[in-house]
Visitor: 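Before we start, here is the structure in question, set down as structure tokens.
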2 protein chains.
Amino acid sequence: MSRDRVVDVATRLVEEHGPDALTMRRLSQELGVAVTAIYWHVGNRDALLDAVVDRLVADMGTLRPSGSSARERVTSLAEKLRARLQARPHLIGLAHERGRIPDMFLPVEQAMAAELARVGVSGKDAALALRAISAHVVGAVLLERAAGRGGPEIPTGLVWPADASDPELVEALATPPDRDALFALGLNALVGALVPLEDAERAVP
Amino acid sequence: MSRDRVVDVATRLVEEHGPDALTMRRLSQELGVAVTAIYWHVGNRDALLDAVVDRLVADMGTLRPSGSSARERVTSLAEKLRARLQARPHLIGLAHERGRIPDMFLPVEQAMAAELARVGVSGKDAALALRAISAHVVGAVLLERAAGRGGPEIPTGLVWPADASDPELVEALATPPDRDALFALGLNALVGALVPLEDAERAVP
DNA sequence: ACCTGAACACCGTTCAAGT
DNA sequence: ACCTGAACACCGTTCAAGT
């Protein structure tokens, strides 16, 4: 037993079954210890969740961009961040509930800031661009997380009016969305609007 | 006592204090009735939450676009939807947790589809555009909801490196983001990429 | 310093019993 | 048809008591 082991097991429980599955009694069972022993190590459940999120934030580490142009590199950072978040949906949901999303994003935003600086975007403009792009990433991940759990993807009670003049649209909306395409679409729109072209790109369009 | 009154009071509790504040015992107190009486009317807590969300979905009604061009009208729909969602953050959080966001968005998406049709966007393209825009709206609202509750807006433990070459950026990131500007920025980028200009707009640019 | 067991105040839910 | 009270299995947390 140690504080670290408690946080380890707690993290695993949250990761696999969601925050609600982390009860002090279940945790004590997995640790092979009395419920009350946990309190000596971590204080209480709230502090334990804080510790879990703290570790996640620290683990986010630094993402490295790939590609040559600033647009490619910023895009790659956003995609890698999304991939990393998607791998642990319950944990990022927890981080979100506890208002720790900004902390988690710091490393990527730093990396993006460097790319923006290269193409002459700085100051308030850079801050707005960073935040718009990272907001797109979290927004997408949070939405997907709900879609992953929730019941049927297709609206249950309500139906698109049958008399619609655009049957192809109706059919497209009846199938679950292509989340990768959706994410890429929004990201490209943002990057296109916020990250200037480099000289090389402008020369050969 | 009636099923309607139970759902009324439950809705008020969730709206004001969040879903966690809706306990069967507290609800019974506000209703002036024994806890177990509630079960006769609504089944159980889960079904009660379903009923609350059902009512919200039905209440979303139809939003009317304003403006003349398709871009303006689509933009106005997204802005009005955001305003409506922001007015009841806890309830939309609940709808999100229960995977009912698509249901809630149906009316607006219908209205947007009409606007897109006017400028010749239909079928799969229209479906993708609709979903990209509404994803931006939910994403933004979900993020703001967390920001509203969570502790300090500014990252707690971590700090932007002090040696940064762009002090204006560091300062901009140290102040809470302008959420309206952030939302408008993303929305404009999306609408610009997805909704074609009308003839009139192209003539007088 | 670290762990246990009993105890308390809370949950959601069931069910027999009342009117 | 509608409501009550007792009861059950769960929570998180405190605290005196052990080693």
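Predicted, not measured: the structure shown is a model, and the values here were computed from it. Numbered from 1 within each chain, the chains take letters A, B, ... in sequence-line order.
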Visitor: Salt-bridged, A/Arg179 to A/Glu144, with N to O below 4.0 Å?
Guide: no
Visitor: Using a 4.0 Å heavy-atom cut-off, write out nucleotides 8-19 of chain C from 5' to 3' as B (base contacted by protein), S (sugar-phosphate only) or - (no contact).
Guide: ---BBBBB----
Visitor: Got a sec? Which of residues 4-20 of chain B come in under 4.0 Å of DNA chain C, heavy atoms?
Guide: none
Visitor: Would A/Met60 and A/Leu81 count as a side-chain contact (heavy atoms from CB on, under 4.5 Å) here? Give the steps.
Guide: CA-CA 9 Å; A/Met60 285 305 290; A/Leu81 177 60; 3.8 Å; yes
Visitor: Can you list the stems that DNA chain D is part of, where a stem is at least 3 pairs in a row, each Watson-Crick or G-U, with both distances below 3.5 Å?
Guide: C:4-8 with D:12-16, C:12-16 with D:4-8
Visitor: If the condition is salt bridge (Lys or Arg N to Asp or Glu O under 4.0 Å), which residues does B/Asp180 pass it with, not counting sequence neighbours?
Guide: B/Arg82
Visitor: Considering all heavy atoms of both residues, which atom of A/Pro176 and which atom of B/Arg131 are nearest to each other, and what is their separation?
Guide: C-NH1, 4.2 Å
Visitor: A/Asp4: which residues meet the salt bridge (Lys or Arg N to Asp or Glu O under 4.0 Å) condition with it, sequence neighbours left out?
Guide: A/Arg55
Visitor: Which donor-acceptor pairs under 3.5 Å do side chains of residues 15-29 of chain A form with protein atoms, sequence neighbours excluded?
Guide:
{"unit_1": "A/Glu15", "atom_1": "OE2", "unit_2": "A/Arg88", "atom_2": "NE", "d": "3.0"}
{"unit_1": "A/Thr23", "atom_1": "OG1", "unit_2": "A/Arg26", "atom_2": "N", "d": "3.0"}
{"unit_1": "A/Ser28", "atom_1": "OG", "unit_2": "A/Arg25", "atom_2": "O", "d": "2.7"}

Visitor: If you compare every side-chain N and O of B/His41 against the phosphate oxygens of D/dC3 (OP1, OP2), does one of them come in below 4.0 Å?
Guide: yes
Visitor: Would you confirm whether A/Arg118, through its side chain, and A/Glu198, through its main-chain N or O, come within 3.5 Å as a donor-acceptor pair?
Guide: no
Visitor: Quick test of your reading of the model: are B/Asp46 and B/Arg98 salt-bridged, counting only N-O distances below 4.0 Å?
Guide: yes
Visitor: Between B/Glu109 and B/Ser134, which heavy-atom pair has the shortest distance, and what is it?
Guide: OE2-OG, 2.8 Å
Visitor: Which part of the nucleic acid, if any, lies within contact of A/Ala37, taking any heavy atom under 4.0 Å across all strands shown: a base, the sugar-phosphate backbone alone, or nothing?
Guide: base
